[in-house]
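Working notes, beginning with the structure itself.
Below, all heavy atoms of this structure are taken into account, side chains as well, without hydrogens, waters or symmetry copies.
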Amino acid sequence: MKSTYTLMHELLASPDKPMPADRRRHQLTRMHMGLAALENDPAPSYDDWRVCSDAVNLMETLVKDMQVCEDAHGLLDDAVKALAIAGARHLQTGAPLRLDGPGIVAVRSIHSDYAEMLSTLPERTMVRCHRLTERRIKEIHAGKKKPHDVEVIAL
């Protein structure tokens, strides 16, 4: 897995201004398209599921690891569970990658929260978040899981 950002990206990122609008728009467009596909497309792709998972994983890093925001309503765990269930159901039965109703609400809420963080927090914080999230995902794939980690493979 190739890293999105390097330490140099982090050091050069603005310490006090949000990520440039075009880069925020690119990320959010991909995430919103992925969620729309999981909600409506006849055969959502693994990439649709993955970009939704990316938003959830990034928020998890912001909340649990970096502690720069909080999840007052517990929707983060609900979103993780919903994506894991959709992935597992797809692997076990071949059913399309679909979220159930509560899963849609949870994932939409996390996407909305992520968009707010992306437009509010300094670019350097968000680049650091990406780097930490990618590191954690690599550790999960290497078998170094934490109790709350969920891994759905072979999609």
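- Tracing side-chain contacts under 4.5 Å through hydrophobic residues (I, L, V, M, F, W, Y), one reaches Tyr46 starting from Val56; they form part of the same cluster.
- Counting non-hydrogen atoms of neighbouring residues, nucleotides and ligands closer than 6.0 angstrom, the CE atom of Met33 reaches no more than 12 such neighbours.
- Annotation: the span from Gln27 atom CD to His32 atom NE2 amounts to 10.5 Å, rounded to 0.5 Å.
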| field | Residues Glu116, Cys69; criterion side chain to side chain contact (heavy atoms under 4.5 Å, CB included); working and verdict | value | CA-CA 11 Å; Glu116 185 177 340; Cys69 58; over 6 Å; no

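- In this structure, Glu123 and Ser14 approach most closely via the heavy-atom pair OE1-N, 3.0 Å.
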| request: Would you sort out whether Leu62 and Thr133 count as a side chain to side chain contact (heavy atoms under 4.5 Å, CB included), showing the intermediate values? | output: CA-CA 9 Å; Leu62 290 169; Thr133 301; over 6 Å; no

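- Taking each heavy atom of Ala106 and Ala79 in turn, the nearest pair found is CB-N, 3.7 Å.
- With salt bridges taken as basic N to acidic carboxylate O contacts below 4.0 Å, one links Arg50 and Asp47.
- Remark: of the listed residues Arg131, His130, Glu134, Glu134 is the sole one forming a side-chain hydrogen bond (donor to acceptor under 3.5 Å, both in side chains) with Thr4.
- For residues 94-116, the set of pairs meeting the ring-ring contact (aromatic ring centres under 6.0 Å, His included) definition, not counting sequence neighbours, is empty.
- Between the CG atom of Leu7 and the CG atom of Leu11 there is a distance of 4.5 Å, given to the nearest 0.5 Å.
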| task | In sequence, state the C-alpha distance, the side-chain angles, and the governing distance for Ile137 and Asn57, and then conclude on side chain to side chain contact (heavy atoms under 4.5 Å, CB included). | result | CA-CA 9 Å; Ile137 290 169; Asn57 288 331; 3.7 Å; yes

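- Cluster membership check: Leu28 shares its hydrophobic cluster with Met126, using side-chain heavy-atom separations under 4.5 Å among Ile, Leu, Val, Met, Phe, Trp and Tyr.
- Of all heavy-atom pairs spanning Gly103 and Ala82, the tightest one is CA-CB, 3.4 Å.
- Distance CZ/Arg30 to CG/Asp54: 7.5 Å, rounded to 0.5 Å.
- Nearest heavy atom pair, residue Arg24 against residue Pro18, reads NH1-CB, 3.6 Å.
- Put simply, CG on Asp71 and CG on Asp113 are 7.5 Å apart, with the number rounded to the nearest 0.5 Å.
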Run the side-chain donor-acceptor check on residues 34-44: report pairs under 3.5 Å with partners two or more places apart or on a different chain.
{"residue": "Glu39", "atom": "OE1", "partner": "Arg108", "partner atom": "NH2", "Å": "3.1"}
{"residue": "Glu39", "atom": "OE2", "partner": "Arg108", "partner atom": "NE", "Å": "2.8"}
{"residue": "Glu39", "atom": "OE2", "partner": "Arg108", "partner atom": "NH2", "Å": "3.2"}

| said: Run Ile85 and Arg89 through side chain to side chain contact (heavy atoms under 4.5 Å, CB included) and show every step you take. | reply: CA-CA 6 Å; Ile85 289 170; Arg89 183 176 49 245; 3.5 Å; yes

| query | Does the salt bridge (charged side-chain N to carboxylate O under 4.0 Å, His left out) test come out yes or no for Glu10 and Arg124, once each step is laid out? | reply | CA-CA 5 Å; Glu10 184 177 340; Arg124 185 173 293 166; over 6 Å; no

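- Note that the CG atom of Asp65 and the CZ atom of Arg135 stand 10.0 Å from one another [nearest 0.5 Å].
- Following chains of ILVMFWY side-chain contacts shorter than 4.5 Å, one cannot reach Trp49 starting from Val105, and the two form parts of different hydrophobic clusters.
- Shown here are the side-chain contact (heavy atoms from CB on, under 4.5 Å) partners of Ser112, two or more places apart in sequence or in another chain: there are none.
- With rounding to the nearest 0.5 angstrom, the SG atom of Cys52 is 12.0 Å from the CD1 atom of Ile110.
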